[in-house]
Structures are given as C-alpha cells and as structure tokens.
Visitor: 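Dropping a structure here in structure tokens format, bear with me for questions.
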Amino acid sequence: MFKKILIANRGEIACRVIKTARKMGIKTVAVYSEADRDALHVAMADEAVLIGPPPTAQSYLVMERILQACKDTGAEAVHPGYGFLSERSAFCEALEQEGIAFIGPKVRAIEAMGDKITSKILAKEAGVNTVPGYTDIIQNADHALQIARDIGYPVMLKASAGGGGKGMRVAWNDAECVDGFERATNEARSSFGDDRVFVEKYIEEPRHIEIQILGDSFGNIIYLGERECSLQRRHQKVIEEAPSPFLDEKTRRAMGEQAVALARAVDYQSAGTVEFIVDAKRNFYFLEMNTRLQVEHPVTEYITGLDLVEQMIRIAAGERLNLTQENVRLKGWAIEARVYAEDPFRNFLPSIGRLVKYLPPKESEVVRVDTGIYEGSEVSMYYDPMIAKLITYGSTRDRAIAHMRDALNEFFIRGVQHNISFLAALMVHTRFMTGRISTNMIAEEYPNGFHATDVPHDDPALLISVAAFLHRRYLDRAAKIDGQLPGHERVVNNDWVVFMGDEQHPVHIEPAEGGYDVVYMEENYQVRSNWQFGYPLFKGTLNGTEICIQVERRDMVYRLFHWGSQADVMVLSPRMAELQALMPIKAPPDLSRFLLSPMPGLLTKLNVTVGQEVKAGEDLAVIEAMKMENVLRADHDSKVAKVLAAPGDSLAVDQPIIEFE
Ligand code: ADP
Ligand code: ADP
Ligand code: MG
C-alpha cells in the first residue's frame with residue numbers, strides 16, 4: 001500500500017479523498033493556488049504545496065507543477081478527484097513515466113472514453129445500445145440539416161469534446177438545427193478548444209441513469225447499481241439518487257451488464273461511470289463514460305456500504321477486488337443535493353463572497369455533508385461554485401426524502417446567495433415525491449424561474465404558532481427589563497394577531513413550561529424551544545414533534561424558511577392589526593418589462609437595439625463583474641422599447657438596462 005499520496009484537486013473532493021487516505025493510514029499532500037491558502041483541504045492534509053496563482057490554467061491544471069510537487073514530497077500516487085486533470089490521459093502518462101501511480105484508469109481507457117464520438121463507436125462495437133445518430137463529424141450547417149432530417153426531429157447537437165453540460169443544443173426543426181449547430185460549435189470551440197460536433201436523436205422525456213462500475217488490474221469488473229440524475233438544470237445535475245425509482249430488476253441488470261461489457265472493452269481498472277439516457281419505455285442508450293470518480297458517488301456509497309475512494313486506491317496499488325458481483329447488495333435509498341453559491345431567485349446567477357455564517361446540518365448515520373469550506377471561507381470566482389453536497393439515507397425513498405427535508409431546514413448559510421430554498425422546494429414537489437421525473441422536469445415546472453412564493457406551506461398552523469412563539473419570547477424578555485417604575489411594569493397581553501401575507505390569524509398565547517401554548521382556530525399548539533433572540537435557527541418541538549425553522553428578523557417582520565417555503569409574518573396586537581388592515585397596500589412595481597442588472601458590474605456588451613424583436617433565451621447583454629462574464633438572456637419573447645444603458649456603463653444592482661414593450 002502507498003505511504004503517501006498527493007491529491008491534485010481542491011474543494012470538497014480533495015477533502016473527501018483526504019478523509020479516506022487518513023482512515024487507511026496513508027499520508028496526504030495537498031496542492032493549492034494562491035487563492036486557496038486558507039482552504040480546508042490545505043488544513044486537512046499532512047503537507048501542502050503551493051502550485052501557482054489563482055487561475056486554474058496557472059495552477060490546478062499545470063501538470064509540471066503537480067509532478068514537481070510529487071517529487072518534492074515523495075508522494076507515490078496521485079488522486080485527481082473530478083474535473084481538472086482527472087480525465088487527461090497525458091497527465092496519467094506523465095505520472096507513469098515518473099513511476100508515480102495514477103489513482104484512476106489506464107491511459108488507453110481515458111483516451112478511448114474522452115471523446116464522445118470515439119466512445120460511442122466503441123460502445124456500439126461492445127454491444128452497448130447507443131442513441132441513433134451519426135457518429136461522424138459534421139462538416140457544416142447544411143450537413144447538419146441533412147443528417148437531422150435523416151434521423152428525424154427532435155435531434156441533439158453535441159460537442160464531441162464536451163463535458164459539464166456545455167456544447168449541447170436540442171433542435172426540433174430545420175431552423176433550430178442550423179442555429180443549434182452554430183451555437184454548439186462556438187461553445188465547443190470556446191470551452192474545449194475543439195469544435196467538432198455530432199448529431200444524435202434527442203430522446204424525449206429522458207431520464208439520466210448511470211451505472212457505477214469498479215474494475216481491478218486482474219480483469220475483474222463489477223457494477224454497483226445505478227444512480228438516477230434526472231433532476232438537472234441546463235444539462236447539469238442538481239439532485240441525484242440511488243437506486244432509481246424507475247428501473248426494474250431486469251433493466252438494472254441489462255444496463256449493468258452492458259456497462260461492464262464496455263468497461264471490459266477498454267480494460268477498465270478503477271472506479272468509473274457509464275451514463276445512459278433512458279426513455280419513457282425503459283429503452284436505454286449509452287451517453288458517455290466518465291473515467292473518474294463522479295460528484296454524486298456518495299449515494300452509491302450509502303446503498304452499497306463501500307468507500308469508492310478506498311476501492312480506487314486499493315486497485316491503483318495493485319490489489320484485487322475483494323468482492324464479486326454476487327456480493328454486491330443494494331440496501332436502502334440515498335439522495336444527494338448539490339448546494340451551490342447561486343441565486344435561485346435571480347435565474348441562478350452565480351454568487352461569490354465570504355460565508356459570513358455557515359451552519360451545516362449535523363452529520364449522522366443518515367446525514368452526510370461533503371464540503372471544502374467553513375464559516376469565514378471565501379467562495380471565489382475562480383472555481384466551481386459548489387458549497388457542499390448534502391447526502392441523506394433512509395431505508396426507503398420516503399425516509400431518505402424526509403431526512404433531506406429536515407437537513408435542508410437546518411442548513412443555514414449567509415454571506416453568499418445559495419440554492420437551498422430551491423433544493424427544498426424540489427423535495428416537496430409532488431413530481432419528485434412520486435418519482436415522475438425527467439431531465440426536463442425543472443424547466444417544465446419552473447418555466448418562469450423560481451420564486452419565493454412558488455412553494456405554499458403544507459401546514460400554515462406550524463408557521464403561525466412558531467411566529468407567535470418568537471414574538472412572545474421577544475416581548476417577555478423586553479418585559480423583564482431592569483428599572484421599571486413600581487406599579488407600571490410592562491404587562492404582556494395574551495391575545496395577538498399573526499399577519500401572514502394579507503391574512504390575519506388571531507392567536508392566544510399562554511406561557512408554559514419550556515415555551516408557550518398557542519391557541520389557533522380552537523386548536524392548542526404546544527411550542528417548546530430554548531430559542532433566544534438572534535438565533536438563526538428555531539429548533540424545538542411542536543406538539544412533541546421536532547421542528548427546525550430558519551428565522552430572520554427584518555424590522556417588524558419575521559421571515560421564516562421551512563420545507564422550501566418562505567413566509568413573512570408580523571405579530572401585532574389586535575388594535576394594531578385593525579389599523580394595519582387599513583394600511584394601503586403598496587403594489588410592488590411591475591418590473592417584468594425591464595431587464596435589470598442582477599449585480600453591480602460593467603456593461604461590456606449590448607446585443608439589441610430599439611425596436612428589435614427578441615426571443616426567450618436570446619443573449620441580450622454581457623456584464624462583467626469581478627472579471628467574470630455574465631450573459632443576460634431574455635426570459636420571454638418580446639420587443640425592445642428602450643435601451644437604458646450603454647456599453648462601458650457601470651451598473652448598480654437592479655439598474656434597468658432594457659425596457660420591453
Ligand atoms: P458528474 O458527471 O460527476 O456529475 P459533472 O458533469 O457535474 O460531474 O462535472 C464534474 C466537474 O467537472 C464539474 O466541476 C464540471 O464543471 C467539471 N467538468 C466536467 N467535464 C468537464 C470538461 N470536459 N471540461 C471542464 N470541466 C469539466
Ligand atoms: P456531459 O459530458 O456534458 O455530461 P452528456 O452526454 O453526459 O454530456 O449529457 C448531459 C445531459 O444532456 C444528459 O444528462 C441529458 O440530460 C442530456 N442529453 C444528452 N444527450 C441526450 C439525448 N440524446 N437525448 C436527450 N437528452 C440528452
Ligand atoms: Mg455526462
């Protein structure tokens with residue numbers, strides 16, 4: 001076994017690998033860029049080597065720096081994590097030449113699977129179902145049209161070198177095909193420096209289901225069940241689970257066996273993933289093979305009880321797999337949610353900044369948090385905006401979902417915008433709960449983006465009684481203030497009105513042991529908690545059941561977050577409530593006719609002029625903020641009435657750029 005390994009990565013995956021190495025008694029070396037001096041992976045490793053300035057092209061992607069770090073520290077092997085150099089065959093080759101082990105597959109497998117066209121041809125030869133299409137490079141837009149018509153619409157145009165959901169376009173007709181070809185080609189060139197594009201049939205109502213495989217250097221290859229990753233936004237995974245609620249035993253075995261056949265064809269030695277697209281009738285087709293550890297590997301670890309990083313390390317050290325296909329047992333259900341620094345209410349724009357508050361849920365047998373940050377860390381613009389992966393387990397899918405809901409209630413982050421409310425909303429969505437998901441579900445269910453008001457709460461009485469508790473605890477504390485005039489002490493009344501939206505809910509609040517009893521609509525709610533003013537989380541019980549609600553106070557309003565719902569409530573005396581009800585309602589201005597700047601930044605490009613018709617999804621403007629380019633797109637079809645800013649302007653947040661008719 002190796003004595004020391006180097007992890008050529010950063011963030012949560014570097015920390016994840018270090019944990020397993022430590023468990024196995026292997027020393028670890030971290031590498032880091034100047035932006036990551038204070039990063040968690042650096043603190044966790046036994047040694048750390050600075051490899052360059054913040055941009056990845058000058059640090060994490062520079063092979064020579066990493067090779068040098070191995071030599072300087074005497075690391076015998078390198079784990080590449082995912083992304084960065086994990087699928088560069090040249091990196092694997094360079095390590096081998098230096099006698100350093102690559103904790104991943106061999107050069108040939110990486111090369112064969114690194115290209116979507118090549119791997120598709122190989123898969124076909126290995127007897128794997130592939131998506132009907134044309135496995136050659138398209139010459140030009142006319143050629144694309146001709147092939148698309150042969151295959152029949154809808155089709156998908158894909159960059160052969162693609163990854164991370166980039167360089168992909170769906171086309172339903174000739175016009176979209178021509179446009180999609182240009183866009184896919186451009187995106188492929190700018191993202192991967194390789195503009196080869198191919199066409200295949202677009203599978204409708206698609207589900208993304210992938211098979212985890214493990215192979216050793218003795219030719220043993222097994223599959224560890226599947227992961228369903230159909231909940232995606234723009235072809236990027238958001239929620240993953242194992243097993244899939246869609247597969248039956250027969251399909252599972254057929255997919256597993258095809259995945260193994262493909263792995264065998266390239267003499268695969270490590271952990272790897274064969275991705276399939278599955279249609280509504282459970283026909284499945286090969287998409288691509290990822291020759292690395294996958295982001296969502298923890299769900300497989302939960303249901304198999306295996307540590308995939310440990311398996312990868314053992315295989316790279318020349319050990320034989322210690323289990324056979326018959327030994328693989330899948331037990332229970334696991335779900336992963338990717339917590340990103342992005343603003344779900346602003347079309348998921350990436351957010352950067354310092355994590356002023358970071359309170360992850362407590363880890364347990366059924367809750368796992370994989371992260372590379374801590375309170376006070378900076379989410380920088382240089383790297384992936386993932387804050388953490390939250391993984392929960394249960395004996396059944398429903399239990400795993402229930403744990404995920406609870407864990408999301410407890411996940412408190414301030415300082416950067418994050419998608420927790422969106423993840424929580426998915427967890428209470430009936431389509432998700434009943435397993436009727438597809439890769440289009442998010443686009444279909446949130447056609448106009450995600451809004452705080454999209455998620456009604458199942459049990460308003462819960463929010464009302466907790467709001468009553470919060471306010472009463474505040475008043476009782478205020479009533480205890482020192483130095484009150486004898487005979488004029490503050491008295492707290494027991495009758496209050498909870499305002500939620502424009503609804504009034506009269507409540508009666510009585511102090512009780514450890515909390516308050518709240519009477520609402522003639523029902524008694526026993527609310528108990530040690531919550532004090534300033535606590536971001538209200539943790540306690542409601543009629544004996546544990547609850548956790550996030551609380552934010554803004555003047556007289558308590559903003560409550562629970563199960564993906566957000567509610568603004570006020571608790572007023574009956575007289576104040578009467579007056580409040582007379583207050584004119586201030587209608588929020590209608591901003592849907594405007595394109596607003598989502599962030600402070602420099603307007604570098606404006607693609608439209610007055611009178612121009614724009615289509616939903618069209619690029620309208622580019623704002624540069626913190627050296628990052630943010631493309632603003634039209635969210636619906638319309639016509640430009642006015643242009644309110646010009647390239648070169650410095651924009652404030654919410655400053656109007658374009659007015660539509
Ligand atoms: P998984 O398939 O493991 O779920 P993703 O597709 O989300 O992984 O990609 C994992 C990570 O690797 C992400 O950070 C993604 O941005 C990055 N990535 C994947 N493929 C590429 C690629 N070809 N070029 C650059 N980055 C990539
Ligand atoms: P990447 O390398 O970016 O991960 P993939 O080929 O794995 O690219 O595709 C990413 C996603 O795009 C899939 O998970 C699926 O949602 C969608 N997709 C890809 N090919 C097809 C297809 N032929 N039909 C329908 N959806 C597809
Ligand atoms: Mg993929």
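Values in this document were obtained by computation on a predicted structure and should not be read as measured data. Whatever order the structure lists ligands and atoms in, that order sets their numbers, starting from 1.
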Visitor: I'd like to know if Lys201 contacts ligand 2, where contact means a heavy-atom distance under 4.0 Å to any ligand atom.
Guide: yes
Visitor: When you check the side-chain N and O atoms of Gln294 and Glu210, is any donor under 3.5 Å from an acceptor?
Guide: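 The criterion, which ignores hydrogens and geometry beyond distance, is satisfied for Glu210 and Gln294.
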Visitor: Is there an N/O/S atom in Glu210 that lies less than 2.8 Å from the Mg ion (ligand 3)?
Guide: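 So Glu210 does not count as coordinating the Mg ion (ligand 3).
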Visitor: Hey, which atoms in ligand 2 end up nearer than 4.0 Å to a heavy atom of Lys158?
Guide: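 Atoms satisfying the 4.0 Å criterion: 6 (O), 19 (C), 20 (N).
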Visitor: Specify which N/O/S atom of Glu288 comes nearest to the Mg ion (ligand 3), by atom name.
Guide: OE2
Visitor: Could you tell me if any non-hydrogen atom of Lys116 lies under 4.0 Å from any atom of ligand 2?
Guide: yes
Visitor: Does Glu187 come within less than 4.0 Å of Arg169, counting only side-chain N to carboxylate O?
Guide: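 A salt bridge is present here (some side-chain N lies under 4.0 Å from a carboxylate O).
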Visitor: With heavy atoms of His208 as the reference, note each atom of ligand 2 found under 4.0 Å away.
Guide: 13 (C), 14 (O)
Visitor: Which atoms of ligand 2 are found less than 4.0 Å from any heavy atom of Leu287?
Guide: 6 (O), 7 (O), 13 (C), 19 (C), 20 (N), 21 (C)
Visitor: Taking C-beta and beyond as the side chain, do Glu624 and Lys605 meet within less than 4.5 Å on heavy atoms?
Guide: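 Contact flag for Glu624/Lys605 side chains = no.
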Visitor: Taking only heavy atoms of Glu200, which atoms of ligand 2 are found under 4.0 Å from at least one of them?
Guide: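 Taking each heavy atom of Glu200 in turn, ligand 2 has 20 (N), 22 (C), 23 (N) under 4.0 Å.
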Visitor: Restricting to N/O/S, name the atom of Glu275 that gets closest to the Mg ion (ligand 3).
Guide: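 Of the nitrogen, oxygen and sulfur atoms in Glu275, the Mg ion (ligand 3) lies nearest to OE1.
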Visitor: Should one rank Gln236, Glu204, His235, Glu275 by closest heavy-atom distance to atom 12 (O) of ligand 2, which comes out on top?
Guide: His235
Visitor: Between Ile277 and ligand 2, which residue portion shows a heavy-atom distance shorter than 4.0 Å: side chain, backbone, both, or neither?
Guide: side chain
Visitor: Measuring only between side-chain heavy atoms, which start at C-beta, is Glu342 closer than 4.5 Å to Val379?
Guide: no
Visitor: Would you call Arg88-Glu111 a salt bridge at under 4.0 Å N-O?
Guide: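 Result for this pair is no, no salt bridge flagged.
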Visitor: Would Glu301 and Arg16 pass as an ion pair if we require N to O under 4.0 Å?
Guide: yes
Visitor: Can you see whether Asp384 engages Tyr340 through a side-chain donor-acceptor pair at a distance of less than 3.5 angstrom?
Guide: no
Visitor: Taking the six-membered ring of Phe411, is the NZ or CZ of Arg405 close enough (under 6.0 Å from the centre) and on axis enough (within 45°)?
Guide: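 Not flagged: Arg405 not positioned over aromatic ring of Phe411.
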Visitor: Is it the side chain (CB and beyond), the backbone, both or neither of Ile203 that lies under 4.0 Å from ligand 2, heavy atoms counted?
Guide: both
Visitor: Does the side chain of Asp115 come under 3.5 Å of the side chain of Ser160 through a donor N or O and an acceptor N or O?
Guide: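 Short answer, yes.
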Visitor: Are any of the N/O atoms on Glu288, whether in the backbone or the side chain, positioned under 3.5 angstrom from an N/O atom of ligand 2?
Guide: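 Indeed, backbone or side chain, Glu288 has an N or O that close.
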